[in-house]
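Step one of this worksheet: look at the structure below.
The sequence lines fix the lettering, A, B, ..., with proteins before strands; numbering per chain opens at 1.
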Amino acid sequence: MPELPEVETIAGYLRQGTAGSPGLIGRKAIKVHLLWSRSLERPSEGELQARLPGQVLQSITRRGKFLLLHFNLDTLLFHLRMSGDLVVDGNQANLLTDPQSPITHPQSSHIRFILNFEDGINLVFVDPRKFGRIWLVRDPGEVVGGLGPEPLDPDLTTGKFCQLLNAHRRLIKPLLLDQTFLAGLGNIYTDESLNLARLHPCQPAHLISPAQAEVLLNAIRTILRQAINHRGASIDWVYRGGNFQNHFRAYQRTGKPCLNCGSLIERIVVGQRGTHYCPNCQVIVS
DNA sequence: AGCATTACCCGCACGC
DNA sequence: TGCGTGCGGGTAATGC
């Protein structure tokens, strides 16, 4: 489920809770259940089990597409990759507490990790494709230290952004997808942002003018804020409740009219990723 | 040689 | 049934 808006939305759910589930802040961890060992990047399962229980959750933050659960001693990090999701379950404690039991959870066969808190509240990591990863570390910088700037951070000025862009000869789309360049954009929001900014996904980054860089950064921020307001997008069989998919400009709109100019959106492949753009108003400049 | 960029590939579910 | 596709990114391979 995860690009910046979806991870931000999930962070909010975990902090404040939802209609059907309580928030997690201030709760004490009791026990860990790892059902797919490769979901855990580090430390070992034994060390995780030895360190995390007894710790109290202080706060929940997001950095790029990472979700950070700050406990009093350690930080538990999740990366949802392609299909991961985190849900709080306070109603089926007796079933979820025992991973060997015939769980009747809707996505039970894809549960990879469960963290039991006090009062029968569980944080459940669901991940059909098994690409998601979990870390427990003293210093979260060990995991997220290499990320590029946050697109919504006001400290990222248009001038800085243009400088960063012009330092690379790469195509703009793969560059925006590179998390060490900018943290949080994925395939959807890159296509959306480039369409709004009227930039071709194959535009070489070093040829982007200061004026275009400003338009692009503003477009990225506009799209991300809109997506967050809609609680992210729900795509394919992975449904989380957000409805930004109903407001896509380019992504998965092949053959439909561009919202800028009415020409038909086309699908090409750029950097091994399906890419949706308008061949009329998103043109390469030199 | 050494950095920047590109191609593979990892489970699984779904639609054509 | 078979094949292409996919809200991602680590790593090997290649390019400059």
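Pair check for C/dT11 finds B/dA7; Watson-Crick or G-U wobble, both atom distances under 3.5 Å.
Nearest to the side chain of A/Met82, among C/dG8, B/dT5, B/dC12, sits C/dG8. When distances run from any side-chain atom of A/Tyr251 to the nucleotides B/dG11, C/dG6, B/dA7, the shortest one goes to C/dG6. Closest to the A/Glu6 side chain, of the nucleotides B/dC12, C/dG9, C/dC7, is C/dC7. The A/Arg81 side chain lies nearest to C/dG10 when the options are C/dT5, C/dG10, B/dT5.
A side-chain hydrogen bond (donor to acceptor under 3.5 Å, both in side chains) with A/Asn187 is found for one member of A/His276, A/Lys173, A/Glu192 and no other, namely A/Lys173.
In this structure, A/Phe66 and A/His79 have perpendicular ring planes: the angle between them is above 60°, well past the 30° mark. Using bins of under 30°, 30° to 60° and over 60° for the plane-to-plane angle, the ring pair A/Phe181/A/Phe161 lands in the tilted bin. Ring orientation note: the planes of A/Tyr251 and A/Phe248 are nearly perpendicular, at an angle over 60° on the 30°/60° scale.
Distance A/Asp85 CG to C/dG8 P: 14 Å, rounded to the nearest Å. Rounded to whole Å, atom C1' of C/dG9 lies 9 Å from atom CZ of A/Arg273. Between A/Arg133 atom CZ and C/dG9 atom P the separation is 12 Å, expressed in whole Å. Between the CD1 atom of A/Ile172 and the P atom of B/dA4 there is a distance of 17 Å, given to the nearest Å. Rounded to whole Å, the distance from CZ on A/Phe181 to C1' on B/dA4 is 14 Å. Residue A/Phe125 contributes atom CZ, which lies 13 Å from atom C1' of B/dG11 at whole-angstrom precision. With rounding to whole Å, A/Gln245 atom CD is found 17 Å from C/dG6 atom P. Going from atom CG of A/Asp178 over to atom P of B/dT5 covers 9 Å, rounded to whole Å.
Taking atom P on both nucleotides, C/dA12 is separated from B/dG11 by 16 Å, rounded to a whole Å. Separating the P atom of B/dA1 from that of C/dT11 is a span of 22 Å, rounded to the nearest Å.
Applying the 6.0 Å contact sphere to CD of A/Glu142 captures more than 12 heavy atoms from other residues, nucleotides or ligands.
Nucleic acid contact class of A/Gly132 (heavy atoms, under 4.0 Å, all strands): none.
Close to B/dG11, at under 4.0 Å from its OP1 or OP2, lies a side-chain N or O of A/Arg38. OP1 or OP2 of B/dT5 sits under 4.0 Å from a side-chain N or O of A/His168. In this model, the phosphate group of C/dG6 is approached by a side-chain N or O of A/Arg267 to a distance below 4.0 Å at OP1 or OP2. Phosphate proximity of B/dG11 to A/His110: absent, as no side-chain N or O sits under 4.0 Å from OP1 or OP2. Side-chain N/O atoms of A/Lys65 include one lying less than 4.0 angstrom from OP1 or OP2 on C/dG8.
Applying the 90° criterion around 0 to the glycosidic angle, B/dG11 comes out syn.
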Take A/Arg51 and A/Asp74, measure what salt bridge (charged side-chain N to carboxylate O under 4.0 Å, His left out) needs, and give me the verdict at the end.
CA-CA 8 Å; A/Arg51 279 165 59 182; A/Asp74 294 312; 3.0 Å; yes

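Each of A/Arg129 and A/Leu177 was matched to the nucleotide of DNA chain C holding its nearest heavy atom; the match closer to the 5' end belongs to A/Arg129.
Remark: ring of A/Phe131 stacked against base of C/dG8; centroid gap under 5.5 Å, plane tilt under 30°. Lacking a ring centre under 5.5 Å from that of the base six-membered ring together with a plane angle below 30°, A/Tyr189 does not count as stacked on C/dC7.
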